[in-house]
2 protein chains.
Amino acid sequence: MRKRFCARHGKDYPCSCGMGNLYRFVEPVVLLLLKMKGTSYGYDLAADMEGHALTDTTIEKGVLYRTLRRLESNGNVKSEWESEGHGPARRIYKLTRQGEEHLEEWADVLEHLSKSMTRFVRDARKPAGKKVRATR
Amino acid sequence: MRKRFCARHGKDYPCSCGMGNLYRFVEPVVLLLLKMKGTSYGYDLAADMEGHALTDTTIEKGVLYRTLRRLESNGNVKSEWESEGHGPARRIYKLTRQGEEHLEEWADVLEHLSKSMTRFVRDARKPAGKKVRATR
DNA sequence: GCTTTATAGGTGTAACTCGCACCTATAGTA
DNA sequence: TACTATAGGTGCGAGTTACACCTATAAAGC
């Protein structure tokens with residue numbers, strides 16, 4: 001991975017508070033979009049990602065295509081080529097039953113994570129509670 | 001990285017919905033604990049991590065110590081050895097002013113992420129909206 | 001015909017992270 | 001003398017990511 005660029009701190013600062021589009025978050029968004037759209041393909045998903053992404057970084061084509069292939073090899077989506085219409089052929093993806101279940105699991109995981117983060121934010125903004133010396 | 005073990009899917013399934021303790025989440029929790037405790041050291045932080053971690057995976061010692069070193073090289077914490085007392089010496093860490101600001105940035109980032117996740121969960125559990133064929 | 005643009009789906013690779021195993025050392029207790 | 005709790009690490013292979021780069025089809029402009 002090349003040095004992650006953080007909008008807050010610039011390069012040469014190994015910070016990740018910018019939160020790159022790590023595949024952990026690309027994956028669930030792809031699953032959700034496929035559920036909402038019924039079927040779709042890479043190029044089309046890329047355009048919709050921006051509106052549904054969990055972070056505000058732009059999605060990375062390479063990650064998206066590789067995520068789709070991985071989801072297929074895991075049985076969460078299936079695909080077939082569509083050559084009709086104008087322009088190059090599209091690989092049309094669709095959720096499998098297993099993929100729907102996987103999306104539900106992601107919802108459980110992210111719900112839990114979301115609550116933890118809310119708690120974190122509350123604690124972090126609390127005006128520096130009583131300083132307890134590290135005990136031993 | 002060795003194959004991540006996912007409690008839901010077992011090994012040999014490259015899934016990350018188990019969410020390992022990636023340093024992106026270890027870092028903010030360390031910053032928060034240092035703010036709450038005033039000062040602390042690696043071994044002590046490790047014990048407290050479980051109660052404040054954003055995910056429910058156990059923290060990894062190696063990641064924790066490396067995170068502390070990285071935070072110091074970035075100027076977010078500073079440390080000094082404490083040899084008094086019984087047992088081996090402890091490297092005592094303390095937030096710098098910059099570290100406090102960095103924690104506030106993390107709070108902003110995680111607040112935004114938390115809201116995105118809540119929206120995701122709501123959408124994911126919506127009973128499969130009207131299937132709109134991919135347009136082009 | 002030829003070039004440009006929009007669409008579509010990729011691959012190669014270096015830099016980086018992570019998880020596990022493993023290591024050293026101090027002080028108190030059995 | 002051995003064992004346990006405490007404390008702070010390191011080595012490294014396997015996996016991820018960001019960026020650059022590639023091929024190809026069809027339509028529109030010249």
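Computed over heavy atoms, backbone and side chain alike; hydrogens, waters and symmetry mates excluded. The chains referred to below are lettered A, B, ... by the order of the sequence lines, with proteins before strands, and numbering in each begins at 1.
Residue-to-nucleotide contacts include no donor-acceptor pair under 3.5 Å from the side chain of B:R90 to the base of D:dG9. The base of D:dG15 does not come close enough to the side chain of A:R66 for any donor and acceptor atom to sit less than 3.5 Å apart.
The shortest side-chain heavy-atom distance between B:R122 and B:R119 falls under the 4.5 Å cut-off. In this structure, A:E27 and A:R70 have side chains that are in contact, with non-hydrogen atoms separated by less than 4.5 Å.
The interatomic distance linking B:Y93 (OH) with D:dG9 (C1') rounds to 10 Å, in whole Å. For the pair B:D44 CG and D:dA7 P, the interatomic distance rounds to 8 Å; values are reported in whole Å. Taking atom CD1 of A:I59 as the reference point, atom C1' of D:dT17 lies 14 Å away to the nearest angstrom. At whole-Å resolution of the value, CD in A:E82 and P in D:dT25 are 17 Å apart. When rounded to the nearest whole Å, the span between CZ of A:F25 and P of D:dT17 equals 10 Å. Between the CG atom of B:L71 and the P atom of C:dT17 there is a distance of 12 Å, rounded to whole Å. Nucleotide D:dA7 holds its C1' atom 16 Å from the CD atom of B:E84, rounded to whole Å. Distance CZ (B:R70) to C1' (D:dT10): 17 Å, rounded to an integer number of Å.
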I'd like to know whether A:R125 forms a side chain to side chain contact (heavy atoms under 4.5 Å, CB included) with B:D108, so could you lay out the CA-CA distance, the side-chain angles of the two residues, the decisive distance to 0.1 Å, and finally the verdict.
CA-CA 10 Å; A:R125 289 179 179 157; B:D108 293 343; 2.9 Å; yes
Full working for side chain to side chain contact (heavy atoms under 4.5 Å, CB included) between B:Y41 and B:E82
CA-CA 10 Å; B:Y41 53 97; B:E82 186 185 75; over 6 Å; no
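Taking 4.0 Å as the cut-off between side-chain N and carboxylate O, A:K37 and A:D48 count as a salt-bridged pair.
For B:Y43, the side-chain atoms get nearest to D:dG8 when compared with the rest of C:dG9, D:dG8, D:dA18.
Minimum heavy-atom separation, A:S116 to B:L54: OG-O, 3.2 Å.
Between B:R91 and D:dG9 there is a side-chain N or O to OP1 or OP2 distance below 4.0 Å. B:Y65 has no side-chain polar atom (N or O) that falls below the 4.0 Å cut-off from OP1 or OP2 of D:dG9.
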Quick one: what's the B/S/- string for nucleotides 22-30 of chain C, heavy-atom cutoff under 4.0 Å, read 5' to 3'?
----BSS--
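Residues meeting the salt bridge (charged side-chain N to carboxylate O under 4.0 Å, His left out) test with A:E101, sequence neighbours left out: A:R97.
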